[in-house]
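Have a look at the structure below before the remarks.
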Amino acid sequence: MEIKELALWNEGDWIAAIAAVALFGVLAFGLSLSRRKSAEVLGHPSGLFVLFYAEMWERFSYYGMRALLILYLTQFWLFTDGKSALIYGTYTSLVYITPVLGGYLADRYLGQRKAVLFGGIILALGHGFMAVEGMHGITDPAVKQADPAINIFWLALALIIVGSGFLKANISVIVGQLYRLTDARRDGAYTIFYMGVNAGAALGTILVGYLGQTIGWSYGFGLAGIGMVIGLIIFVMGKPALMGKGEAPAPLARTQEWTLYGLGALAVVVIWALIQYQDVIQSLLIVAGVAMLVYTLYEALKLPKEPRERMFAILFLIALNPIFWGLFEQAGGSLSLYTDKFVDKGGVPTSLFQSINPIYIVLLGPVFAALWVWLAKRGWEPSAPAKFGYALLQVGLGFLVFVWGAQGVGAGVATPVVFVFLIFLLHTMGELCLSPVGLSAMNRLAPAHLASFIMGAWFYMSAVGNFIAGKIGEATGGDSGEMTKEATLAIYAQIGWISIGVAAGVLALAPVVRRWMHLDALQDR
């Protein structure tokens, strides 16, 4: 592999180099912390930083791989743009469903630590298999997709989906277990942990994406796999710092433990089949969603007036979840393809643009957290349903601004890259109005005996939203399956106006839903 001369570097090369330096800086900081033998580091349990680095590397590998996925599907496996977007949406939706299984098995049997360890091993295998490419030089999609190696690709996706289910649901739980419920450091701990999530996402997207698009797919996916192995090693070696947290709720016989791992392996087989048949996923999501709604209403109607109305508020907020994510998650699907085809990128690989969202979150997250506190002190803080309305308003405006910018330069001219930054900015601000607010609302409003179910329903509807994102992305491919600039912008304009219309309705209903929440009575409990 020939090293490019410094004088020939373009913007993408410099961005990757800066990210590599930043990664080494983060690693050096981690190494300095690891040499300290005290039980606390920077005022927090040392176990927090073990979890910080383990999760950082997991997010590095996951988001790095995800940034390449839609491009890999279209440019290597030669799926049409529409089909690729649907596969991408199916994959991300299943990633949100499997934590229900992983969380349940950890709570009841395995404990969070062993579940994270098992999930990490499964993830490392999945990322390793992603580096297996199969035949090269094939231009006929039918021949390419008949390559037996595609089954290894489906297996890799299934392993990553199931591994994420065991790891994603449980590592953040261990963070909370390091602190007493009354410990004032808890919010700060989750802020530090969240910074690790987004630092890993940003660096992984840049470095994995850069290698994958400039040197070779297997190099990018291989780096993602290496990142996951590093995270796994950190987690294993850092076990003493966890102070016995995350262990099984009761002693578990070895045969029982291996039976649970076997159940995880069986889940891989099931997901391997489901990821290939997206229409089946759609039917399952509808059936399970209706069943979940019926059960929630059944439980709500048995409750007294105030908790019953809180359940109605929960249902209102949960119903908005798939609308938001169905639009927001165009970022890694149709928007990535549009950027690749129709944006003036100035030498920057397409996948690197996926780092914009986590970078914005790192920059804007503390701003929004401080903003809510500042508004609350003055009695001006919007209610949770109003924040949801503002989230939908911003995601709709993001699409409309993007369409305006793309159409303003003319049909035959590449869209200026500044509008990619603007759509990500508006969508990220919308995310900060909805995602953390929604998690907090589910936690506050759910009756104690339904708390886990309600949180599971929230993530389930996020999965529905990701699948809807895939269906919208599929539509941008039109009848032929190949994306066109005009058709994509027409769809973006349509969903932008729909989102703004829904936002107006949500803001109008927000006072009613806020009354259903009975926050004053909730505080008195």
Can you tell if the side chain of E329 reaches within under 4.5 Å of the side chain of I472, non-hydrogen atoms only?
no
Give me the one residue out of T415, T476, T488, T350 that meets side-chain hydrogen bond (donor to acceptor under 3.5 Å, both in side chains) with Y338.
T415
R514/E381 salt bridge by N-O under 4.0 Å criterion:
no
With no hydrogens and no angle check, do the side chains of N357 and T428 hold a donor and an acceptor under 3.5 Å apart?
yes
Are Y295 and E299 close enough that a side-chain donor and a side-chain acceptor fall under 3.5 Å?
yes
Would you say K387 and L434 make side-chain contact, with heavy atoms under 4.5 Å?
no
Taking the side chain as every heavy atom from C-beta outward, state whether R310 and L303 have any atom pair closer than 4.5 Å.
no
Return yes if a side-chain donor-acceptor contact under 3.5 Å exists between K83 and Q278, otherwise no.
yes
Are the side chains of F399 and S499 in contact, using a 4.5 Å heavy-atom criterion?
no
Does the side chain of F316 reach to within under 4.5 Å of the side chain of F388, using non-hydrogen atoms?
no
Spatial distance of atom CG (D81) from atom CG (L86) [nearest 0.5 Å]:
13.0 Å
4.5 Å side-chain heavy-atom contact, D340 and Q75
yes
Pick one: which of N466, L327, V464, L285 meets side chain to side chain contact (heavy atoms under 4.5 Å, CB included) with P322?
V464
Go through the structure and list residues passing side-chain contact (heavy atoms from CB on, under 4.5 Å) with R515, not counting sequence neighbours.
P511, V512
With heavy-atom distances below 4.5 Å as the criterion, would you say the side chains of L400 and I500 are in contact?
yes
Is any side-chain heavy atom of W325 less than 4.5 Å from a side-chain heavy atom of E431?
yes
